[in-house]
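Here is the structure we will look at.
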Amino acid sequence: MKVACVGGGPAGLYFAISMKLRDPSHDVTVYERNRAGDTFGWGVVFSDQTMDRLGENDPVSARVMIDELAHWDDIAVHIDDGVRRADDRSTGHGFIGIGRKRLLDILQARARELGVTLAFETEVEPDSAFLADNDLVVAADGLNSKLRRRYEASFQPDIDTRRNHFVWLGTHQRFDAFTFLFKKTEFGWIWAHAYQFDEDTATFIVECSPDTYERAGFATMSQAESCRLCEAIFADHLGGHTLMSNAGHVRGSAWIRFPRVICHGWSHENVVLLGDAAHTAHFSIGSGTKLALEDAIKLAEVMSRPGIDTRDGMAAALRDYQEERQLEVVKLQNAARNSTEWFENLDRYLTMDAKQFTYTLLTRSQRVSHENLRLRDPAWLAALERSLVTGALGRETDEPIPPMFLPFQLRGMSLRNRVVMSPMAMYSAVEGVPDDFHLVHYGARALGGAALIVTEMTCVSPEGRITPGCTGLWNEAQTAGWRRITDFVHRTPGARIAVQLGHSGAKGSTRLAWEGIDRPLEVGNWPVVGPSDVAWTADNQVPVALERAAMDDIRDQFVRATELAEAAGFDMIELHCGHGYLLSAFLSPTQNRRTDDYGGTLANRLRWPLEIFAAMRAVWPAEKPMSVRISAHDWVGADGNTPDDAVTISRAFAAAGVDLIDVSSGQVTKRETPVYGRMFQTPFSDRIRNEVGIATMAVGNIWETDHVNSIVAAGRADLCAMGRPHQMDPNWTIRAAAQQQLDDAPVPPQYKSGYFQLKRNAARAGQLTALK
């Protein structure tokens, strides 16, 4: 096979090596526009796992790299705000660094040894003649790929230029850890990512926000001037050494903003994208080169499968390459996005104490979890847990407690831990009255250790129900049914129960979920209402746009339900303003098309939900808390509410006296295109909690103890709500306590013997795992 690799960086060279290793008869040429010794980076970071993968693919080049790698285990964090200096250090992280120039030298030498032709100072034009002259053309020409631009219609690139500015520098100062330096200056916060990559040189990446960048004047500085100012800012950590730029090819300032690249297609005829040409990962997780080298391994593998010598075989192989690599790339890009956004919103975390700040830094990508940190550095994590216990209890303690089992206070309501059973519609009531099913359902979860049980959306009127099976709170029979349940929950020491009150709006008058979600009733329909005449789907009723008198009636229904909730013995009320139901529909421009005082601007769209909340708060006991569930993202871009709007909505409810924001997302319009993943809604909770300064509850794809501990310890939420895990395991919280060997677990006295057995079994299982 005749192969042309356009681009002589690590991706193109390593693919050429990998192809030759699989079949020395391949005719492989690497074309590079620059000279052999030119490079415009400093150090490259790998993990031990990446080196294992490279060793399996090519032991020869991997051995040369390993012999020259700079190794370090520690991450050091230094914060200086001009008044307070805080330092912290964690170990066990296993990083490896090598100079980019040295890496290229190793790969060039290995490629020549295997018979690869290296054509430097050669500019390739991506025309049809070049494509026709080669069986395979590999576009390894970086994030500004000429080949990608030439065949853009096939590759469909999505390029998002991130907000922060950064510059890639080097220094001869030595660092014994991967070091983060955060410095408050007269211009604003500026920080550095620094790490050693050979005996004499370290990478020193300086980053700041757009506002700081402008105030400092970096945009108009030469590279030398930028270096001198950064030397002055970080003088305490440079030991008299200078900062150096090797971006001589760039005219003027070498500061850039990171371009995140996603391509929906990776191939066009016999052209295939590799590395940064196909996808980029932010430098803050150090995975760009890793992705490129692993791309190269996979592409060489699929190009060595049977049938590759036919046009159909080639097309199938290129499809396999994208399909088999894409999931891993998406995972890393999601982690990189989380990390990028952490640095873009650094102000949220800088007021934390040093230990918690370091924790948020270490776990920012969501790839490193609480228990993973315990494996890496158990002493550091134990110290972090003790500091969190001190903060929660208001007193010193030597006993580390897992973050998920810290108590929490909302007004007069004390919670025994941070685990919440999320509202889950059961569609099992008759005329809105909860029965024995609900008693067992909610009672079992309270016995199972959750601190707070939140009921399914309980409707404030017959017409406000989603289905005929929804629970309600508009009459005495329903109140008595709920009282029976709250009384049982309160028999469990420490258990609390909240009622979620809502109105279905345009999503009402539908069948039970297992009879067809969102499908209209076959008989017995009732009229539905909304802010405007926007139907939920083409099959659902067109709602009647509410007029003022009807809005007042519904407000009064919420007030009446609130009064009945007090009579029913609930500890907290949650007002449902999410998921496309009536109040959510008022908030979202996807459903609210009004032109009066309740439509148009977000301030207007907020007006009626705030009126309802205020009326409910006025009749709800002052010592009892209230929460609001919102959809923090409509997932339809600028056509719907965005996370920015969610902050505004949360500020408005906080000013009105809400105690907790329950942060969900979506289900507001059928046009949504959500991006799912582990804890995918937690970043919305994080932002609201740390920007608005209000307690939040995270929800959405949270199912492991590690998730809950990580979220609480990092201050991304105060509570974690789980639905499906509690559906399948009412004792989820008790099991989590046993796994973590908790002595003071939320276990009813009747179940203590079973808990001790569970705890012993968990300890044995842990010991066996350690032995393996």
Side-chain angles (χ1 to χ4, degrees), residues 1-48 50-71 95-124 134 136-142 170 196-203 246 249 274-277 286 288-301 303-304:
M1 182 182 293
K2 187 176 182 183
V3 180
C5 295
V6 182
L13 287 168
Y14 203 70
F15 173 70
I17 290 167
S18 300
M19 283 295 282
K20 279 293 206 177
L21 285 170
R22 284 160 176 78
D23 187 346
S25 69
H26 289 315
D27 177 2
V28 184
T29 302
V30 176
Y31 297 91
E32 171 54 50
R33 64 187 302 184
N34 297 303
R35 295 172 300 179
D38 288 346
T39 183
F40 308 110
W42 291 95
V44 175
V45 177
F46 296 132
S47 65
D48 293 332
T50 299
M51 288 310 304
D52 289 344
R53 185 77 178 92
L54 298 184
E56 292 170 2
N57 185 64
D58 180 24
V60 175
S61 61
R63 185 71 261 163
V64 179
M65 291 182 216
I66 289 167
D67 289 344
E68 301 188 24
L69 290 169
H71 294 257
F95 290 104
I96 302 166
I98 189 170
R100 181 178 169 85
K101 186 177 187 306
R102 182 60 188 133
L103 176 62
L104 290 175
D105 289 344
I106 293 169
L107 296 181
Q108 288 170 13
R110 180 61 170 151
R112 288 193 183 98
E113 179 185 314
L114 292 170
V116 175
T117 302
L118 303 181
F120 292 101
E121 299 181 75
T122 304
E123 189 76 51
V124 170
N134 291 279
L136 180 68
V137 175
V138 180
D141 49 345
Q196 205 73 24
F197 63 82
D198 64 26
E199 283 295 317
D200 304 313
T201 324
T203 296
N246 65 2
H249 63 298
L274 191 71
D276 282 354
T289 305
K290 162 194 164 67
L291 278 176
L293 299 182
E294 291 178 350
D295 278 355
I297 294 169
K298 175 55 69 175
L299 182 58
E301 178 196 320
M303 295 308 297
S304 302

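Computed from a predicted model, the values in this text were never measured in an experiment.
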Considering all heavy atoms of both residues, which atom of [X] and which atom of [Y] are nearest to each other, and what is their separation?
X	Y	result
E113	V60	OE2-CG1, 4.5 Å
A62	M51	O-CE, 4.0 Å
V30	G12	CG2-O, 4.1 Å
L293	Y14	CD2-CB, 3.5 Å
R35	F120	C-CD2, 4.0 Å
A296	A11	CB-O, 3.9 Å

To the nearest 0.5 angstrom, please state how far the [atom1] atom of [X] sits from the [atom2] atom of [Y].
X	Y	atom1	atom2	value
R22	I17	CZ	CD1	11.5 Å
K298	L274	NZ	CG	13.5 Å
I66	F46	CD1	CZ	11.0 Å
Q196	T201	CD	OG1	7.0 Å
N34	T122	CG	OG1	10.5 Å
K20	R112	NZ	CZ	14.5 Å

Determine whether [X] and [Y] make a side-chain contact, defined as any pair of heavy atoms from C-beta on separated by less than 4.5 Å.
X	Y	value
D276	L291	no
I106	I98	yes
F197	V44	no
E32	L118	no
C5	T29	no

(message) Donor-acceptor check, side chain of T203 to backbone of G43, threshold 3.5 angstrom: yes or no?
(response)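 Looks like yes, one N/O pair under 3.5 Å.
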(request) Spell out, as yes or no, whether a donor-acceptor pair under 3.5 Å connects the side chain of S18 to the backbone of A16. (result)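 Not a single qualifying donor-acceptor pair exists.
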(request) Please check if atom CZ in R33 has more than 12 non-hydrogen atoms from other residues, nucleotides or ligands closer than 6.0 Å. (result)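 It does not: R33 CZ has 12 such atoms or fewer within range.
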(request) Give a yes or no on whether E199 atom CD has more than 12 heavy-atom contacts from other residues, nucleotides or ligands under 6.0 Å away. (result)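 Not more than 12 within 6.0 Å, no.
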(request) Scan side-chain atoms only and decide if D23 and S304 contain a donor-acceptor pair under the 3.5 Å cut-off. (result)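 Result is no, nothing qualifies.
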(request) Would you sort out whether E68 and L103 count as a side chain to side chain contact (heavy atoms under 4.5 Å, CB included), showing the intermediate values? (result) CA-CA 10 Å; E68 301 188 24; L103 176 62; over 6 Å; no
(message) Tell me whether R53 is salt-bridged to E294, with the criterion being a basic N under 4.0 Å from an acidic carboxylate O.
(response)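 Answer for the salt bridge query: no.
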(request) Would you mind checking if D58 and R110 are paired as a salt bridge, meaning a charged N to carboxylate O distance below 4.0 Å? (result)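 Salt bridge flag = yes for D58 with R110.
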(message) Under the criterion side chain to side chain contact (heavy atoms under 4.5 Å, CB included), I'd like the reasoning laid out for D27 against N134: C-alpha separation, chi angles, the key distance, then a yes or no.
(response) CA-CA 10 Å; D27 177 2; N134 291 279; over 6 Å; no
(request) Start with the C-alpha gap between M303 and H26, add the side-chain angles, then the distance that decides, and say whether side chain to side chain contact (heavy atoms under 4.5 Å, CB included) holds. (result) CA-CA 11 Å; M303 295 308 297; H26 289 315; over 6 Å; no
